[in-house]
Structure formats: structure tokens, C-alpha cells
Visitor: 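One structure, as C-alpha cells, below. Some questions next.
Throughout, a chain's letter reflects where its sequence line sits, starting with A, and its residues are numbered from 1.
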2 protein chains.
Amino acid sequence: MTIARHTDVREPANGDHPRCRLRDILDRVGDKWSVLVMDLLGGGPKRYSELQRAIEGISQRMLTLTLRSLERDGLVERTVTPTSPPRVDYALTPVGRTLSAQVAGLITWAEQHREYVAAARLRYDAP
Amino acid sequence: MTIARHTDVREPANGDHPRCRLRDILDRVGDKWSVLVMDLLGGGPKRYSELQRAIEGISQRMLTLTLRSLERDGLVERTVTPTSPPRVDYALTPVGRTLSAQVAGLITWAEQHREYVAAARLRYDAP
DNA sequence: CAGAATCCAACCGGATACTG
DNA sequence: CAGTATCCGGTTGGATTCTG
């Protein structure tokens with residue numbers, strides 16, 4: 001949920017508690033757009049504008065912030081071709097691909113259990 | 001992301017676009033505590049107070065909201081033993097266990113790549 | 001013990017305008 | 001084209017208080 005802010009103030013000091021590692025990866029994967037971007041890049045490198053059109057609903061600001069954050073974590077690589085107008089390509093790094101593989105598992109789960117969850121909600125909300 | 005609100009207003013009407021399914025599962029898994037709770041329950045049923053002590057940092061409010069939301073989605077089952085004082089146990093449902101298995105994959109990923117990400121951040125933040 | 005209710009700060013992210 | 005900068009509203013979630 002936290003796209004890297006420049007003042008990255010975190011909890012006290014228990015750095016490698018297992019739950020903190022979990023927190024880290026959730027923060028990495030849990031924000032609004034990162035997984036969507038990684039999923040798209042899983043299909044091969046894309047230009048900035050391709051991503052923007054493909055994701056539909058993402059603002060320029062959030063696309064940039066998301067890509068910067070993924071790049072910072074070594075999950076996405078940014079390649080600038082200094083033509084005019086400039087061209088910028090984004091691609092998953094090898095480690096980025098391993099994460100996107102995990103994410104693919106989640107997506108599969110979502111598709112397999114979509115109806116179950118919907119039905120459970122209806123039952124719960126009934127009164 | 002979104003712990004179920006009672007007014008659950010979502011996007012327009014393209015209900016089963018693949019990206020919306022992804023959105024759904026991200027909303028389910030991406031909030032601050034759900035995965036942590038599911039992970040703990042993966043180790044067996046727990047009482048409310050056990051969860052609260054184990055998670056450390058979660059507020060009563062959020063623990064309750066998180067459990068309710070998981071219960072609503074059919075991922076967690078709530079069992080009340082009407083003694084005095086009351087006793088309430090929470091356990092994963094079978095489907096909840098399948099999700100928690102996926103989540104376990106993410107956790108493993110996080111542990112395996114924790115240092116890589118930390119190093120990448122240092123490099124990126126250097127200048 | 002296991003919550004429900006209220007209040008409120010921080011933060012996330014959208015809209016908009018501007019640039020090399 | 002690929003961003004950056006600024007403003008700003010809605011949501012998330014923490015603190016606190018009260019209850020059966």
C-alpha cells in the first residue's frame with residue numbers, strides 16, 4: 001500500500017521479524033496499480049504510452065509513481081531511447097518475473113473462486 | 001484497499017473484465033491486515049484475543065473489520081461459544097485455505113528476495 | 001472476553017496544468 | 001511522447017470510549 005515516499009519512515013527497529021518481511025511484500029504488491037502493471041509487463045516489454053492505454057483508469061501520475069517504485073525495487077527495468085520524441089520502454093527484470101509468477105497464482109485463484117466469494121457475500125448480506 | 005463497506009459502490013458495469021477480477025482479488029488481499037490474519041489462521045483456529053496478541057500492532061477495530069470481511073467472503077468461519085465470558089474462535093474455511101496457500105507463495109517469495117530488493121533500493125537511492 | 005461506536009489524522013490517489 | 005508539479009477530496013485505519 002505504500003508507494004515509496006521520500007520520507008520513508010517505518011516502524012521501530014525490529015527489522016527482520018518474519019511479519020515485517022510480510023509487511024514489506026504486501027506493501028510492494030498491495031497498492032492499487034503495481035500488480036496490474038507487472039501483469040501487463042509479464043506479456044513482454046511495453047512503452048509508457050502502451051501501459052497507459054492498456055490499463056485504462058490509471059492516471060499519468062500513478063503510472064509514473066508505480067513504475068518508479070517497481071524500478072527502485074529492481075523489479076522493472078527502464079530503457080530510454082533518446083530520440084525525439086523520446087521513447088521509453090519498461091520490462092520486468094528476472095526477479096520481477098519471479099514475482100509476477102507468484103501474482104499469476106493469485107489471479108488464477110481469483111478466477112476460480114470468484115463466484116464462490118460473490119455467493120458468500122450475498123448470503124452474508126442477506127439480513 | 002477496500003475492506004467491505006456497506007455501501008459497496010463499484011465501477012460502471014463491465015463486471016467480468018479480467019482486470020476487474022484482478023481488482024477484486026487485490027482488494028481482498030491488499031488491505032493492511034487480511035493476509036496477516038489469514039497467514040496466522042493457516043496455522044490452525046485461533047481465538048480473537050490470540051489473534052490480537054499475535055499480530056501486534058493491529059487495533060481492535062481493524063481486527064474486527066478484517067475478520068468480518070473475511071467471514072463475509074467465505075474465507076473465515078466464526079464460531080461463538082456462548083459461555084461467560086464469551087469465547088469466539090476463527091478458522092479458515094476450505095476455500096480460505098486455498099487462498100492462504102497462494103499467499104504462502106508470496107511470503108516465500110518475499111523471504112527469498114528480501115535482500116535483493118533492499119540492495120536495489122540502496123542503489124536507486126544512492127545519488 | 002469480544003466487540004461496537006465515534007472521532008479524526010494521515011495518506012493515497014485523481015484532476016489538472018505545465019514541460020523538454 | 002513521457003513525464004513533473006500542485007492542489008485537493010475520499011478512504012484507511014489508529015486512538016479512545018463504552019458495552020453484554
Visitor: Looking only at side-chain N and O atoms, does R47(B) come under 4.0 Å of OP1 or OP2 in dA2(C)?
Guide: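 Checking R47(B) against dA2(C): at least one side-chain N or O falls below 4.0 Å of OP1 or OP2.
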Visitor: Separation of I55(B) atom CD1 from dA2(C) atom P, in whole Å?
Guide: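 Computing the I55(B):CD1 to dA2(C):P distance gives 14 Å.
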Visitor: Output yes when a side-chain donor or acceptor of S69(B) lies under 3.5 Å from a complementary backbone atom of T66(B), and no otherwise.
Guide: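 It does not hold such a pair.
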Visitor: Where the side chain of M62(A) is concerned, which of dG14(D), dG13(C), dT4(D) is the nearest nucleotide?
Guide: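 Among dG14(D), dG13(C), dT4(D), the one nearest the side chain of M62(A) is dG13(C).
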Visitor: Any idea which of dG3(C), dG3(D), dG14(D) is nearest the V88(A) side chain?
Guide: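 Out of dG3(C), dG3(D), dG14(D), the nucleotide with an atom closest to V88(A)'s side chain is dG3(D).
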Visitor: Below 4.0 angstrom from OP1 or OP2 of dT6(D), is there any side-chain N or O of R61(A)?
Guide: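 So the side-chain polar atoms of R61(A) never come under 4.0 Å of the phosphate oxygens OP1 or OP2 of dT6(D).
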Visitor: Between D73(B) (side chain) and L75(B) (backbone), is there a donor-acceptor pair under 3.5 Å?
Guide: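 Side chain of D73(B) to backbone of L75(B): no pair is present.
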Visitor: May I have the distance from D31(A) (atom CG) to dT12(D) (atom P), rounded to whole angstrom?
Guide: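 So the two atoms are 14 Å apart, to the nearest Å.
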Visitor: L63(A) CG to dG13(C) P: how many Å, rounded?
Guide: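 Distance, rounded to whole Å: 13 Å.
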Visitor: Of the nucleotides dA2(D), dG13(C), dG3(C), which one has an atom closest to the side chain of Y90(B)?
Guide: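 For the Y90(B) side chain, the nearest candidate turns out to be dG3(C).
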Visitor: Judged by atom type as modelled, is there a donor-acceptor pair below 3.5 Å linking the side chain of T93(A) to the main-chain atoms of G74(A)?
Guide: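 Pair found, side chain donor or acceptor close to backbone of G74(A).
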Visitor: In whole Å, what is the span from the CG atom of L65(A) to the C1' atom of dA15(C)?
Guide: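 That distance rounds to 14 Å.
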Visitor: Between dT12(D) atom P and R28(B) atom CZ, what is the distance in whole Å?
Guide: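 Spelled out: CZ on R28(B) to P on dT12(D) is 12 Å.
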Visitor: How many Å lie between CD on E50(A) and P on dA2(D), as a whole number?
Guide: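 Between P of dA2(D) and CD of E50(A): 9 Å.
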Visitor: Reckon T64(B) has a side-chain N or O less than 4.0 Å from the OP1 or OP2 of dG3(C)?
Guide: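 No, no such contact exists.
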Visitor: Does the T81(B) side chain pair with the main chain of T83(B), one donor and one acceptor, at a distance under 3.5 Å?
Guide: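 Judged by distance alone, no pair lies under 3.5 Å.
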Visitor: Rounding to an integer number of Å, can you tell me how far E56(B) CD sits from dG14(D) C1'?
Guide: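 Those two atoms, CD and C1', are 15 Å apart.
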Visitor: Given dG13(D), is OP1 or OP2 found less than 4.0 Å from the side-chain N or O atoms of S59(B)?
Guide: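 Indeed not, no polar side-chain atom of S59(B) lies that close.
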Visitor: Does a nitrogen or oxygen in the side chain of R78(A) sit under 4.0 Å from OP1 or OP2 of dG3(D)?
Guide: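 For dG3(D), OP1/OP2 do have a side-chain N/O of R78(A) under 4.0 Å.
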Visitor: Of P85(B) and D89(A), whose closest DNA chain D nucleotide lies nearer the 5' terminus?
Guide: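 Of the two residues, D89(A) wins.
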Visitor: For the side chain of Q60(A), counting heavy atoms from C-beta on, which of dA2(C), dG3(D), dG3(C) is nearest?
Guide: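 It is dG3(D).
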Visitor: Figure out the NZ/C1' separation between K32(A) and dG14(C), and round it to whole Å.
Guide: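 Distance, rounded to whole Å: 8 Å.
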Visitor: Regarding R72(A) and D125(B), does a basic nitrogen lie under 4.0 Å from an acidic carboxylate oxygen?
Guide: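 Salt bridge: yes.
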Visitor: L67(A) or P86(B): which one's nearest nucleotide on DNA chain D is closer to the 5' end?
Guide: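 Nearer the 5' end of the strand: L67(A).
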